[in-house]
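Below is one structure, written out as structure tokens; comments come after it.
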Amino acid sequence: MVDLRTRFGRLVKSHRVRAGLTQEALAERANISTDMISKIEGGSSGARFAVISQIANALEVDPAELFTPNLPAGQLQRAALTDIVSRLGSLSDSELRWLNGVIEAALRPKG
């Protein structure tokens, strides 16, 4: 549990810094105390779902982005990308290979 708290805290801090916010500004936006933000970022305190949601909203990220560094910031907020990924999940391997070729051709530099 401590490892998850530490990772969560580091990701909150990373998103906060990327957004150019102080702990005080994030706390104000999320409607929680600065002390709570400090404890979360330091890994000494966890957060309930409601607080996680408030922090994510204040940082303008999907709550999942506060648990894994593998999601580029803001990606889950992009509805078109989510729709495309959902549609791709239903395709067969051969359809995905074909579509990958189409994408490669479409994104190839012109000239």
Side-chain angles (χ1 to χ4, degrees):
M1 184 69 105
V2 173
D3 185 44
L4 180 60
R5 284 183 183 169
T6 301
R7 185 173 48 189
F8 175 73
R10 286 180 184 156
L11 286 166
V12 168
K13 182 176 182 177
S14 174
H15 283 284
R16 176 181 62 76
V17 169
R18 189 195 84 245
L21 299 173
T22 63
Q23 287 184 341
E24 293 79 12
L26 175 58
E28 186 176 320
R29 279 186 175 191
N31 198 31
I32 58 179
S33 73
T34 303
D35 185 55
M36 177 61 116
I37 294 293
S38 178
K39 287 179 180 176
I40 288 170
E41 287 187 0
S44 64
S45 179
R48 296 182 181 266
F49 288 123
V51 172
I52 293 168
S53 180
Q54 287 169 257
I55 292 171
N57 286 336
L59 292 169
E60 298 178 354
V61 299
D62 188 282
E65 293 180 49
L66 299 176
F67 290 95
T68 180
N70 299 328
L71 296 171
Q75 294 305 301
L76 293 179
Q77 296 290 337
R78 297 171 63 190
L81 179 61
T82 301
D83 182 52
I84 290 168
V85 170
S86 295
R87 294 175 69 187
L88 292 174
S90 66
L91 299 178
S92 69
D93 284 345
S94 63
E95 291 170 320
L96 286 171
R97 281 191 296 276
W98 176 83
L99 189 54
N100 188 51
V102 171
I103 292 170
E104 288 290 326
L107 297 178
R108 191 173 298 126
K110 310 277 190 265

Give the table of side-chain donor-acceptor pairs shorter than 3.5 Å for residues 43-54, with sequence neighbours excluded, one pair per line with atom names and distance.
| unit_1 | atom_1 | unit_2 | atom_2 | d |
| --- | --- | --- | --- | --- |
| Ser44 | OG | Lys39 | O | 3.4 |
| Gln54 | NE2 | Ala30 | O | 2.7 |

Applying salt bridge (charged side-chain N to carboxylate O under 4.0 Å, His left out) as the test, list every pair that has at least one member in residues 21-33; sequence neighbours left out. none
Could you give all pairs that pass the salt bridge (charged side-chain N to carboxylate O under 4.0 Å, His left out) test and reach residues 89-101, with sequence neighbours left out? none
The side chain to side chain donor-acceptor pair (under 3.5 Å) partners of Thr34 (sequence neighbours excluded) come to none
Hydrophobic cluster membership, Val17 vs Ile32, 4.5 Å side-chain cutoff: no
With sequence neighbours left out, the residues meeting side chain to side chain contact (heavy atoms under 4.5 Å, CB included) with Arg16 are Lys13, Leu21, Gln23, Leu26, Glu41, Leu59
Residue list, side chain to side chain contact (heavy atoms under 4.5 Å, CB included) with Ile103, at least two apart or on another chain: Leu99, Leu107
d(Thr6 OG1, Ile40 CD1) to nearest 0.5 Å is 12.5 Å
Does a sphere of radius 6.0 Å around CG in Asn31 hold more than 12 heavy atoms from other residues, nucleotides or ligands, not counting ones at 6.0 Å or beyond? no
